[in-house]
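Here is the structure we will look at.
Remember, it's 1-based here, ligands and their atoms both numbered in the order they're listed.
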Amino acid sequence: MPKKPAPSPATDNQLHGHQPGAGQPAFATEQGNGGERHQTASDGADPAAFLTDNFGHRISDNQNSLRAGERGPTLLEDFVLREKIFHFDHERIPERIVHARGSGAHGVFECTKAIPGLTKASIFQTEGASCPVFVRFSTVAGGAGSVDTPRDVRGFAVKLYTDSGNWDLVGNNIPVFFIQDAMKFPDLVHSVKMEADRGYPQAASAHDTFWDFIGLMPEAMHMIMWAMSDRTIPRSLRMIEGFGVHTFRFVNEKGDGKFVKFHWKPVLGIQSTTWDEAVKIAGADPDFHRRDLFEAIDAGDFPAWDLGVQVFDQAFAAKQPYDVLDATKLIPEEDVPVEIVGRMTLNRNVDNFFAETEQVAFLPSNIIPGIDFSNDPLLQGRLFSYLDTQKSRLGTTNFHQIPVNAPKCPFHNFQRDGMMQTLVPTGRANYEPNSLAEAGENGGPRPSPATGFSTFTTNDERNDPAQKLRIRAELFADHFSQARMFYLSQTENEQAHIASALVFELSKVMLDHVRVRVVGQLRNINEDLAKRVADGLAIDLPAKEKAARAPVDLKPSDALSIQKNADDTMEGRKVAILFAEGSDKAAIDALKATIEKAGGTAFLVAPKVGGIKVKGGTLKADGQLAGSPSVLFDAVASILTDDQAETLSKQGAAVQWFMDAFGHCKTIAHDEATQILLDKAGVEKDGGVVTLDGFAKVGTRRHWAREAKVRDLA
Ligand code: HDE
């Protein structure tokens, strides 16, 4: 008998129903889906006290894996071990390509000066208005485990959870940038990161490739001044400035726009270290800045920044000796003073570094009505990049559902599914427009033209090539002229197919108003078509739907019809030849040769597939009759004996074979013996029902004239 393993303290606790002490999180509540909580377990104990696996099964032993005997191998069956190791193996996600090392905190932003004349952004409408924020400070070049105090630019990314959605101001502690165009960003980052062959230096710009790139990029020289200044060796993250860097826009209720640059001014003032200090701190406390921020907040010493704006107009911009769309330039505060409009205070440390600081996803494209982008080519590139990056870091397009990323105002749209979807939308409205509300169903949300985000349209930026409009050119409003041309270009039979298809589809629609509306739209295409469909559905011809632009009559085009262009070739077509015991091999071979000579494929079908005795030898079939219905072929032929035809005429598969071929307007080439089967299948003589000799002439074309005889078309 194996010895019972000695219980560990944890196992002991579990065995004795240990309750978490005060301050210990009640994990069942925190982690339970949708916040639901099991009040009590079936044994009356508080379930929060028990260690479980990820599916809620209580774990009896968290020390020992399951083994075959005391000294035997570990068993695959040990789902507890497997899940624990599996999860551990996947704990890491890719670190940020840049800004990998960061420290985050929660806080609040409060508007201290209302500026409704400048912007309609909800957060700036009233003094005292406030919203929660999450801030992540970072170094740029080093990896996630690098030290806090290299000479480096500091990222200063702020997520403001406003009541009109998230506004992410993803800036740095320096007001300008190295490059002017997004196109150069990967080169810049490659050059500053560890050199590609040797994998060092880590978190340092003092090496060949960086300075090689910089020497060739004169646009970086302004930023280099800042980077080589004490700004890049800050004393504390609480003592750095923040800048939006790019020129943005403010847009007010009237739609008037002004340019704006954003500044965060630390209430504690700006302070830096000396280079020698920074180097020594790296050794003495690699986490110097992270610790400093955490401890200050923990102690209630909440760091704060004033938000300042520099607002200016196009006339000012046009007069400057630099371009305001160039991110390597700043606007001197002496020319445009910084006006303080708000204060941000960081007052809460994260509960979990990974869940919050690591998973926070900033998007410069997150702006709110009242704020807009400028055409700064660096900013424009960022609008693309960050959304893209989140998919590779967080693995799913649903990264917005992670608590730190989710807006705190409601959000709903018709985006659905995707990896790690945690929302459970109800109903079938997952598209828009829809009219499901007319049938009493939840039709989902709708755009808000008046209050929704709309892009600033005035064309007042130098060399701005065009206005940015969400609009379609006028002629796009003609939705019917070509639909009509298409319909009128079809043969009568093809038109009947279209009308019948519409009747079939709409007869499956259970919402009456939807049927009616579609037929109303058809009236814009062709009145006759609409009538045929209405007749087919047995509904009154509804009123014509309003056309945004009246259709015009275009000349029909024969090229649009399939039937008018039907090619009589047998190339690539497949013809089935039905035979059975006693069939004439010579006739089969002859027909096969005719088909193959014309480029087609002959496929032998018989009641049995193995060697069948036929007149003149033995023949193997390619397919068995019941498994080779005539729908699989372009045309069919049949070579039988009287006896076999008689036998087959009593079999559904054989009769159906001909009935379908006839109903699908295919050529049927047959011998005399087959007639009994044709009669049974209701096959009438016509241009497509031919003798074996006549097959070559009609080939595999369809015989549409037959269709009216076999089915009612709309
Ligand atoms: Fe970034 N930048 N960046 N950047 N950046 C990222 O996004 C990028 C630029 C900045 O704490 C990445 O989520 C491109 C300027 C900060 O999570 C990535 C371009 C400024 C942070 C990315 C720029 C910044 C990032 C990496 C040129 C100052 C950290 C992971 C068009 C105004 C945010 C991620 C955080 C992070 C791309 C230029 C600041 C790769 C392509 C200019 C503060 O998407």
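- Less than 4.0 angstrom separates some heavy atom of Val245 from each of these atoms of ligand 1: 32 (C).
- Heavy-atom contacts of Phe362 reach the following atoms of ligand 1: 11 (O), 17 (O), 33 (C), 35 (C) (cutoff under 4.0 Å).
- A distance below 6.0 Å separates the ring centres of Phe137 and Trp305.
- Thr209 and His207 share a donor-acceptor pair across their side chains, judged by distance under 3.5 Å alone.
- Scanning the protein for heavy atoms near atom 28 (C) of ligand 1, the closest one is Asn172 ND2, 3.2 Å.
- Cation-pi check for Lys408 over Tyr161 is met; the charged atom lies under 6.0 angstrom from the ring centroid and within 45 degrees of its normal.
- Residue Leu378 approaches ligand 1 through these ligand atoms, each under 4.0 Å from one of its heavy atoms: 27 (C), 31 (C), 42 (C).
- Salt bridge Arg136/Glu356: absent, no basic N to carboxylate O contact under 4.0 Å.
- Residues Arg343 and Asp306 are paired through a salt bridge, judged by an N-O separation under 4.0 Å between the basic side chain and the carboxylate.
- Within 6.0 Å of atom CE in Met420, 12 or fewer heavy atoms from other residues, nucleotides or ligands are found, so the atom counts as exposed in its surroundings.
- Residue Gly171 places a heavy atom under 4.0 Å from ligand 1.
- The tally of protein N/O/S atoms under 2.8 Å from atom 1 (Fe) of ligand 1 stands at 1.
- Side-chain polar atoms of Thr345 and Asn347 form no donor-acceptor pair below 3.5 angstrom.
- Every atom of ligand 1 with a heavy atom of Ala182 under 4.0 Å away is listed here by number and element: 31 (C).
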Name every donor-acceptor pair, under 3.5 Å, that has one atom in a side chain of residues 293-301 and the other anywhere in the protein, sequence neighbours excluded.
none

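- In terms of polar-atom proximity, defined here as any N/O pair under 3.5 Å, Arg96 does make such a contact with ligand 1.
- Of the protein's heavy atoms, Arg136 NH1, 3.2 Å lies nearest to atom 35 (C) of ligand 1.
- Side chains of His400 and Asn405: no donor on one and acceptor on the other come within 3.5 Å.
- In the vicinity of Thr389, heavy-atom distances shorter than 4.0 Å reach the ligand 1 atoms 7 (O), 13 (O), 30 (C), 34 (C), 40 (C), 44 (O).
- Using a 4.0 Å heavy-atom cutoff, Gln390 is listed among the residues neighbouring ligand 1.
- Using a 3.5 Å distance cut-off with no hydrogens or angles, the side chains of Thr232 and Asp152 do not pair a donor with an acceptor.
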CA sep, side-chain torsions, deciding dist, call: Lys280, Glu277, salt bridge (Lys or Arg N to Asp or Glu O under 4.0 Å): CA-CA 5 Å; Lys280 286 177 177 154; Glu277 254 182 307; over 6 Å; no
